Asker: 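Once you've had a glance at the structure underneath, I'll fire off some questions.
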Amino acid sequence: QAQLVESGGGLVQAGGSLRLSCAASERTFSSYAMGWFRQAPGKEREFVAAITRSGGSINYAVSVKDRFTVSRDNLKNTVSLQMNSLKPEDTAVYYCAANNRDYSGSIDLRYDYWGQGTQVTVSS
């Protein structure tokens with residue numbers, strides 16, 4: 001069972017950047033597709049980005065495309081989310097998630113494992 005731990009959240013001004021990381025304890029990390037989701041106060045959890053096992057296929061939510069970049073390092077068992085040009089509406093708790101079906105879509109129910117989340121706050 002994969003255990004996921006996010007890091008890198010914090011407070012940043014609008015227009016700034018943050019890099020989130022998610023470390024996995026699972027030795028078979030390379031067999032999992034990885035996703036990033038976020039949840040703002042009073043809102044439902046929403047898809048941000050996802051990447052397949054090999055990194056060959058990547059998907060982004062329309063709201064973050066061209067601003068966020070997801071990447072993975074299968075040797076270090078980590079997945080990262082580089083967030084640029086941040087906006088106040090990006091404020092949320094960000095979660096990484098994993099599934100062993102190589103699914104890189106936006107349906108959260110298809111992800112089997114979740115981290116505890118890291119807070120990202122963007123001030124205007």
Side-chain angles (χ1 to χ4, degrees):
Q1 181 173 350
Q3 293 184 339
L4 308 174
V5 179
E6 302 95 338
S7 61
L11 174 63
V12 65
Q13 289 188 332
S17 298
L18 280 176
R19 185 177 181 85
L20 305 183
S21 293
C22 174
S25 62
E26 182 61 46
R27 288 180 295 174
T28 57
F29 174 78
S30 61
S31 67
Y32 290 92
M34 301 297 297
W36 286 96
F37 290 77
R38 66 187 182 187
Q39 187 166 20
K43 295 187 177 181
E44 293 187 354
R45 184 166 58 191
E46 65 173 359
F47 172 75
V48 175
I51 185 169
T52 51
R53 296 165 179 162
S54 66
S57 180
I58 295 174
N59 293 306
Y60 295 99
V62 171
S63 60
V64 306
K65 193 173 177 61
D66 298 328
R67 299 189 298 123
F68 290 10
T69 302
V70 63
S71 60
R72 66 186 297 157
D73 185 335
N74 286 344
L75 294 179
K76 295 183 178 179
N77 289 2
T78 58
V79 60
S80 298
L81 184 69
Q82 177 66 42
M83 306 185 294
N84 298 329
S85 301
L86 284 161
K87 305 175 181 180
E89 52 263 44
D90 294 318
T91 295
V93 177
Y94 283 70
Y95 299 90
C96 73
N99 73 80
N100 58 12
R101 304 173 191 82
D102 212 19
Y103 172 74
S104 60
S106 62
I107 302 175
D108 57 358
L109 293 177
R110 295 193 180 182
Y111 290 81
D112 306 302
Y113 308 108
W114 293 81
Q116 294 299 307
T118 186
Q119 176 70 47
V120 171
T121 303
V122 184
S123 63
S124 57

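When a residue number appears, it is its place in the shown sequence, counting from 1. None of these values were measured; they are calculated from a predicted model.
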Asker: Tell me which pairs pass salt bridge (charged side-chain N to carboxylate O under 4.0 Å, His left out) where either residue lies in residues 87-108, with sequence neighbours left out.
Answerer: Arg38-Asp90, Arg45-Asp108, Arg53-Asp102, Arg67-Asp90, Arg101-Asp112
Asker: Once you round to the nearest 0.5 Å, how far does CE of Met34 lie from CG of Leu81?
Answerer: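 Separation between the atoms: 11.5 Å.
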Asker: Heavy-atom distance under 4.5 Å between the side chains of Tyr95 and Gln39, does that happen here?
Answerer: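 Heavy-atom side-chain distance check passes, below 4.5 Å.
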Asker: Give the cluster check for Tyr113 versus Val48: same hydrophobic cluster or not, with ILVMFWY residues linked at side-chain heavy-atom distances below 4.5 Å.
Answerer: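 Looking at the clustering, Val48 is in the same group as Tyr113.
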Asker: Not counting sequence neighbours, which residues clear side chain to side chain contact (heavy atoms under 4.5 Å, CB included) with Thr28? List them please.
Answerer: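 For Thr28 the side chain to side chain contact (heavy atoms under 4.5 Å, CB included) partners, ignoring immediate neighbours, are Glu26, Ser31, Tyr32.
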Asker: The criterion is ring-ring contact (aromatic ring centres under 6.0 Å, His included); which residues satisfy it with Phe68, sequence neighbours excluded?
Answerer: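 Phe68 satisfies ring-ring contact (aromatic ring centres under 6.0 Å, His included) with no other residue.
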Asker: Does anything in residues 89-124 form a disulfide bond (SG atoms under 2.5 Å apart)? List the pairs, not counting sequence neighbours.
Answerer: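 For residues 89-124: Cys22-Cys96.
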Asker: Apply side-chain hydrogen bond (donor to acceptor under 3.5 Å, both in side chains) to Thr121 and list each qualifying residue two or more places apart in sequence or on a separate chain.
Answerer: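 Checked Thr121 against side-chain hydrogen bond (donor to acceptor under 3.5 Å, both in side chains); matches are Gln119.
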Asker: For a quick test of reading the model, state the closest non-hydrogen atom pair linking Ala24 to Leu4 and the distance between them.
Answerer: CB-CD2, 3.7 Å
Asker: Side chains of residues 10-20: which donor-acceptor pairs under 3.5 Å do they make with residues two or more places apart or in other chains?
Answerer:
{"residue": "Ser17", "atom": "OG", "partner": "Asn84", "partner atom": "OD1", "Å": "2.9"}
{"residue": "Arg19", "atom": "NH1", "partner": "Gln82", "partner atom": "OE1", "Å": "3.2"}

Asker: Show the nearest heavy-atom pair for residues Arg72 and Phe29, with the distance to one decimal.
Answerer: NH2-O, 3.1 Å
Asker: How long is the span from the OG atom in Ser30 to the CG atom in Asn77, to the nearest 0.5 Å?
Answerer: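 Rounded to the nearest 0.5 Å, the OG-CG separation comes to 8.0 Å.
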Asker: Please enumerate all residues that pass ring-ring contact (aromatic ring centres under 6.0 Å, His included) together with Phe37, with sequence neighbours excluded.
Answerer: Phe47, Tyr111, Trp114
Asker: Tell me if a side-chain donor or acceptor on Ser25 pairs with a main-chain N or O of Gln3 at a distance below 3.5 Å.
Answerer: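 Yes; at least one donor-acceptor contact below 3.5 Å.
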Asker: Which residues pass the side chain to side chain contact (heavy atoms under 4.5 Å, CB included) test with Leu75, not counting sequence neighbours?
Answerer: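 Listed in chain order: Asp73.
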Asker: Under the side chain to side chain contact (heavy atoms under 4.5 Å, CB included) rule, collect the residues that match up with Ser104, sequence neighbours excluded.
Answerer: Ala50, Thr52, Ser57, Asn59
Asker: Going by ring-ring contact (aromatic ring centres under 6.0 Å, His included), name the residues that satisfy it together with Tyr60, two or more places apart in sequence or in a different chain.
Answerer: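 For Tyr60 there are no ring-ring contact (aromatic ring centres under 6.0 Å, His included) partners, ignoring immediate neighbours.
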Asker: Assigning hydrophobic clusters by single linkage (Ile, Leu, Val, Met, Phe, Trp, Tyr; side-chain heavy-atom cutoff under 4.5 Å), is Ile58 placed with Trp36?
Answerer: yes
Asker: What is the distance from atom CG of Asn99 to atom CG of Leu109, rounded to the nearest 0.5 Å?
Answerer: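 Output value for this atom pair is 12.0 Å.
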Asker: For residues 71-90, which residue pairs pass the ring-ring contact (aromatic ring centres under 6.0 Å, His included) check, not counting sequence neighbours?
Answerer: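 Qualifying pairs: none.
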